[in-house]
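Just below is one structure, and these are the notes that go with it.
Count residues from 1 along the sequence.
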Amino acid sequence: MKNIVTFILLIMCWATVSLQAQQVPMQPPRVLKVASSKLGNYIYLAGRDEVAGKDTAILQATDHFIIKRMPFVLITDSTKAKSPLKNFKTIGKAKKASSEKELKELFSENDLADVRKFLGQKTNKELLDFVDKHVKANDYGFLYSITETRMMLGQIYLDTDVKEDEVVYYQVIRVDKNKTEYPWGVALAQSKIGNYALPYLKPKVSFVRSTDSSVSISWKLKVSEAMMTTLPKPKNRAAFDPTGGLLTVPFFLTALSGRVIPSRGGITLPSTKILPNLNHTQDTLTYHYFGNVGKDEQFTAYLMAEDEIYNQGAHSDTAVVFGVEARTMPLIYSVRVSEVENGIRLAWDKLPTKPYLTGVQIARYDGQDKLETLATLSATDTTYTDYAIKVGEYYRYQVKSLFLAGIGIEQTVAAQGVGTYTKFSKPLPPYNLEVANKGKDVSLTWQAADEPGFYGYFVYRGTSPKKMYLIAGPIKEKKYTDTSESLSGRSQYYYAIKNQNLRQDTSIYSNVVVIIPVKKLDINPPANIDFYYVNGKLRVMWDDTRTQDNMIETFLVQRRKKGDTEYVTVKPKEAGNAFLVDSLIQRGETYQYRVASVAFSGDISAYSATTEFSLEKPKTETVNEFYVRNITAGVEVSIPEIVYSNRKGYTIYRRNATGGDFVKVHTMPSDSFVFTDEKIEKGQTYIYAISIIENDGKEGEMGFSRSVER
């Protein structure tokens, strides 16, 4: 916005200087208002304030205005302004209308006749003479607010030769009747962007009334200048204008006219411009429209807010009206009430076929004298039977015509009648009842005849078909899901359905069905696990819980080595005894067992506490037979030359006979049998012993020892 202001000031400065060179009296140029529409840019050369103030004499002495334009060039330095400003080109003149042709370019024949009539001029020539002599706004009354009137006075110029979103500069030169030029004003505009506020302003229909020859429609539109701060500006902004300074709305929202688009009998009529009334709080505009219509003929209209240069906003909802009034509209004047079996029957005369009739409404007063709507029928119906009643009681009914909403017509006083109900029939039982498991719930479906006076279905359940209890009702649909948490998978349940009418008469049972719910059974695992090992096989035994719970069918046994994280199933769920023979165990390992009970339904109990079994590994053999003797190199230690499949090697230990512990001096493989100990001293006595290393790396104890003196 700062750049915009800077440029306008530079334009004004240059324009003043350039015209001072012509030695003419100077008036300071002004920043002119420009309004954008889809037709082009409207440049406001003068307004009500100018023609009613100090500029009146100047305008009276003005012959015309010269309009110049140039494309946008961003200039922020006055020393650089002069050169690009030479690109201004004259695009036209704004002057008072001086010929009948110019009048017809601005107004249609009908509008021109209205202008002459309002100003008291009989001919177009008289109108041109009036325009030539009168320049003040008050001379034209409300006509001055019309853009074409001010164009006729040469006070507004429309530039149509611009492209959408194009940013242009304008310079306006005033030329007096002596052909002397004066700087008048400058302007900056973004072209053909329209009035961005209007699409957010939607009028609402507030009043509709009709007779058989005329219609009256009113709309209301919420407006206020404060609203402008809440409306989003368009996104198509010039690069130098990020805040949208060029996109301001130059008109007050409270001055918006309305454009009515009427249609009669399906044929669209010419649009009409109407002026609104502003309420005392100045935040609501009210538009009133009057039109003609034929008897029973449809008339529609919608309204769009419109600014003075014909930018239009969102249109209102369409008001639909018909040529009909209260004294001629088709109503239901009387209703005949009679008793039929299971209900009360209402009858009335058939309504005529009219496009604005939508139906017939049936209402009834309840026991607290409160009116409730029973049904809405088509406009061609003539009867209705009420079955939702109780025997022996009196009921008061209302019947009335219904009309299209929003057309301003309704039947305010309904036809009334009183009836009672004494004839009834016993309801038939439901049939084809079916039952199925639905997850953990039980699902019931059935069939039944549709009967007058129907009230609801009632569901019965029990563990015996001869003794069932009411569990649900009234139910309007032919289905029910039993979600009771008390249902058990250990029992079978019987179900049946009864039908009841509004008199509380109840049918006999439907067919009876039976089912066992799919419910998880609460069964216990065995409490104790025992072991018996013989001949390389382990017998695992546990409490036979089937003797206490006949729902248990078999068992699930799992085992793992101690230290492992996962159990392995060693006996899947299958029929069998309460024991297991496990031959796949190894000595030296500890095994953990647990057992679960398995029901006929497949439900599995929690597992028992883990019980451990260990089978000790036999001790490693010792070397008791070996030889030690002195040789030149040292002491030779030898064992019998026999190879054992379960031995990995041997460890030879030695200690001094005078004291101390055995120390490891050598390890040899299982296929070696002699070792020479060279790390000894003369005069000492040594004691040797040997241990066996098995294939799994486990080392046994030392056997007998042997001594030798070096």
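In this structure, Ile475 places its CD1 atom where more than 12 heavy-atom neighbours from other residues, nucleotides or ligands lie under 6.0 Å away. In this structure, Gln504 places its CD atom where only 12 or fewer heavy-atom neighbours from other residues, nucleotides or ligands lie under 6.0 Å away. Residue Tyr532 qualifies as open at atom OH: its count of foreign heavy atoms under 6.0 Å is 12 or below. No more than 12 heavy atoms of other residues, nucleotides or ligands lie within 6.0 Å of CD in Glu477, so this atom counts as exposed by the packing criterion. Other residues, nucleotides and ligands contribute over 12 non-hydrogen atoms within 6.0 Å of the NZ atom of Lys273. In this structure, Glu612 places its CD atom where more than 12 heavy-atom neighbours from other residues, nucleotides or ligands lie under 6.0 Å away.
Lys476 forms a cation-pi arrangement with Tyr455, by the criterion of a distance under 6.0 Å to the ring centre and an angle within 45° of the ring axis.
Under 4.0 Å is where a charged nitrogen must lie from a carboxylate oxygen, and between Asp450 and Lys478 at least one such pair does. Salt bridge status for Arg336 with Asp349: present, with a side-chain N to carboxylate O gap under 4.0 Å.
The closest side-chain donor-acceptor pair between Tyr591 and Asp582, if any, does not fall under 3.5 angstrom. The closest side-chain donor-acceptor pair between Thr483 and Thr481, if any, does not fall under 3.5 angstrom. No side-chain N or O of Tyr457 forms a donor-acceptor pair with one of Ser510 less than 3.5 Å apart. In summary, the side chains of Thr463 and Ser491 do not present any donor paired with an acceptor at a separation below 3.5 Å, with no hydrogens or angles considered.
Not a single side chain to side chain donor-acceptor pair (under 3.5 Å) links Lys400 to another residue, sequence neighbours left out.
Put simply, the residue from Asp543, Thr611, Val557 that forms a side-chain contact (heavy atoms from CB on, under 4.5 Å) with Val595 is Val557.
Screening residues 283-293 for side-chain hydrogen bond (donor to acceptor under 3.5 Å, both in side chains), with sequence neighbours left out, gives Ser218-His288, Lys220-Thr286, Lys222-Thr284, Asn279-Asp283, Thr281-Asp283.
Taking CG of Asn501 as the reference point, atom OH of Tyr387 lies at 13.0 Å (rounded to 0.5 Å).
Side-chain contact between Asn524 and Asp549: absent, with no pair of heavy atoms (C-beta onward) separated by less than 4.5 Å. Between Tyr509 and Met468, the closest side-chain pair of non-hydrogen atoms falls below 4.5 Å. You'll find the side chain of Phe403 stays beyond 4.5 Å of the side chain of Lys354, heavy atoms only. Under the 4.5 Å side-chain criterion, counting only non-hydrogen atoms from C-beta, Thr300 is in contact with Gln298.
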Checklist entry - Taking it one step at a time, do Gln398 and Gln416 satisfy side-chain contact (heavy atoms from CB on, under 4.5 Å)? => result CA-CA 5 Å; Gln398 284 193 355; Gln416 296 194 19; 3.1 Å; yes
Checklist entry - Taking it one step at a time, do Thr376 and Gln361 satisfy side chain to side chain donor-acceptor pair (under 3.5 Å)? => result CA-CA 5 Å; Thr376 299; Gln361 184 185 81; 4.9 Å; no
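Annotation: Tyr593 is in aromatic contact with Phe531 [ring centroid separation under 6.0 Å].
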